[in-house]
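A short write-up of the structure that comes next.
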Amino acid sequence: MLVLLAASALSVFHLMAQKEEFATWTSIKATIGISQRWGISSYAEYCSMDNLKQTDRWNINVGTFCNLKPWLKLEGSYELHYYQAKGDWSVRHRYKLGAQGNIVRNAVEFSLRERLQRTASSKGTDNCLRSRLKVACLPEQWKVNPYASVEVFQPLGDGAFFTVGEIRFHTGFVWNLSGRCSLDVFYCRLRETGLRQNILGTELGIRF
């Protein structure tokens, strides 16, 4: 999987004849701990596109997670999209199931997340494997924790294995406003077939 991430990162620089646009992602997320291991989360998100001229979609997500070990977390969620496609508004349903492992060395966290994703709409269904490698700096005395990640979307089925449908490069920081509230500010470089997006995003996180 690391080889696939590296190969995909290199391939992005060879695809120059693609549409460029600027977009924004803005969300608010709530996390509730049920026990030491189990919790639930939900978020609402607004996404713009076409250099802020149009709305791309509205998302509502509800999920659950389980911390099996300090270094291993399982997760599952359902997401509803109200999105715009060629001027028409449509609804699609997205299901995610994943696992994330992490190690921490000298206040630097390395994590690998594998997530199966299924999207259903009037056009049919799409399945993919999302692989994300992330590095974050987490010193206890810092209120701002920078991070960077790369995520590859690999289509599943119909002989599509080992192809890359989308790739995202993330860099940003999490500002710990209080013990229960944080603000994630990031830049994302997204590349998919025929399109490149430069995305500025924010996520307000609240923990209960």
Side-chain angles (χ1 to χ4, degrees), residues 5 9 21-33 39-49 51-52 55-67 70-81 83 94 96-115 117 130-153 166-192 196-208:
L5 287 167
E21 71 173 41
F22 177 69
T24 59
W25 294 347
T26 305
S27 63
I28 181 169
K29 181 177 182 179
T31 303
I32 302 174
I40 58 176
S41 64
S42 180
Y43 68 80
E45 182 178 45
Y46 169 77
C47 301
S48 71
M49 65 178 183
N51 300 312
L52 310 184
T55 294
D56 182 6
R57 66 183 185 270
W58 295 87
N59 305 345
I60 297 177
N61 177 290
V62 178
T64 184
F65 59 89
C66 176
N67 297 303
W71 51 269
L72 178 62
K73 180 173 77 172
L74 302 182
E75 61 174 17
S77 68
Y78 163 74
E79 194 166 292
L80 177 67
H81 289 192
Y83 72 104
R94 179 165 290 172
K96 303 174 186 175
L97 182 65
Q100 177 176 307
N102 67 283
I103 58 173
V104 179
R105 294 289 184 273
N106 298 320
V108 178
E109 181 183 59
F110 302 87
S111 64
L112 176 63
R113 186 183 69 193
E114 299 288 353
R115 177 182 284 172
Q117 175 176 290
R130 298 173 56 170
S131 303
R132 189 194 70 180
L133 182 64
K134 180 179 179 181
V135 181
C137 296
L138 305 173
E140 292 184 3
Q141 66 273 25
W142 289 13
K143 286 188 174 293
V144 175
N145 302 126
Y147 67 87
S149 69
V150 57
E151 184 172 21
V152 173
F153 290 61
E166 181 180 324
I167 185 168
R168 297 178 182 179
F169 299 93
H170 256 84
T171 183
F173 62 86
V174 176
W175 180 15
N176 299 298
L177 302 174
S178 69
R180 294 184 178 273
C181 189
S182 64
L183 181 64
D184 186 351
V185 180
F186 62 86
Y187 164 76
C188 175
R189 175 68 167 173
L190 182 152
R191 192 276 295 171
E192 60 182 329
R196 286 185 176 185
Q197 282 187 321
N198 296 293
I199 301 162
L200 291 180
T202 58
E203 179 180 275
L204 178 64
I206 304 173
R207 296 179 293 276
F208 297 94

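Residues satisfying the side chain to side chain contact (heavy atoms under 4.5 Å, CB included) criterion with N67, sequence neighbours excluded, are F65, K73. Checked against side chain to side chain contact (heavy atoms under 4.5 Å, CB included), E21 has the following partners two or more places apart in sequence or in another chain: K19, M49, D50, N51, L195, Q197. Qualifying ring-ring contact (aromatic ring centres under 6.0 Å, His included) partners for W58, counting only residues two or more places apart in sequence or in other chains: Y46. T24 is linked by a side chain to side chain contact (heavy atoms under 4.5 Å, CB included) to F22, S48, L52, counting only residues two or more places apart in sequence or in another chain.
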Which side-chain N or O atoms in residues 99-111 pair as donor and acceptor under 3.5 Å with protein atoms at least two apart or in another chain?
unit_1, atom_1, unit_2, atom_2, d
Q100, OE1, R132, NH2, 3.3
N102, ND2, E109, OE2, 3.1

Give every donor-acceptor pair under 3.5 Å between a side-chain atom in residues 198-208 and any protein atom, sequence neighbours left out.
unit_1, atom_1, unit_2, atom_2, d
N198, OD1, Y187, OH, 2.6
N198, OD1, R189, NH1, 2.8
N198, ND2, E20, OE1, 3.3
E203, OE1, S27, OG, 3.3
R207, NH2, G179, O, 3.0

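Here the side chain of T64 pairs a donor or acceptor atom with the backbone of G39 at under 3.5 angstrom. Counting only distance, with no hydrogens or angles, the side chain of N176 and the backbone of S182 share no donor-acceptor pair below 3.5 Å. A donor-acceptor contact shorter than 3.5 Å links the side chain of S42 to the backbone of N61.
Contact check for R168 versus F153: side-chain heavy atoms found under the 4.5 Å cut-off. Here the side chains of V185 and W175 are not in contact, with every heavy-atom distance at 4.5 Å or above. Looking at V150 and S131, their side chains never come closer than 4.5 Å, going by heavy atoms from C-beta outward.
A salt bridge is defined here as a Lys NZ or Arg NE, NH1 or NH2 lying under 4.0 Å from an Asp or Glu carboxylate O, and K96 with E75 fails to meet this definition.
Considering every non-hydrogen atom in both Y147 and F173, the closest pair reads CE2-N, 3.6 Å.
Rounding to the nearest 0.5 angstrom, the gap separating the OH atom in Y43 from the NZ atom in K29 is 7.5 Å. Rounding to the nearest 0.5 angstrom, the gap separating the CG atom in L72 from the SG atom in C66 is 8.5 Å. Atom CD1 of I32 and atom CD1 of I40 lie 4.5 Å apart (nearest 0.5 Å). The OH atom of Y78 lies 9.0 Å from the CD1 atom of I60; values are rounded to the nearest 0.5 Å.
Dense packing is recorded around CD of Q141, with more than 12 heavy atoms of other residues, nucleotides or ligands lying under 6.0 Å away. More than 12 heavy atoms of other residues, nucleotides or ligands lie within 6.0 Å of CG in L80, so this atom counts as buried by the packing criterion.
Only one option out of H170, R130, K134 pairs with E151 in a side chain to side chain donor-acceptor pair (under 3.5 Å); it is R130.
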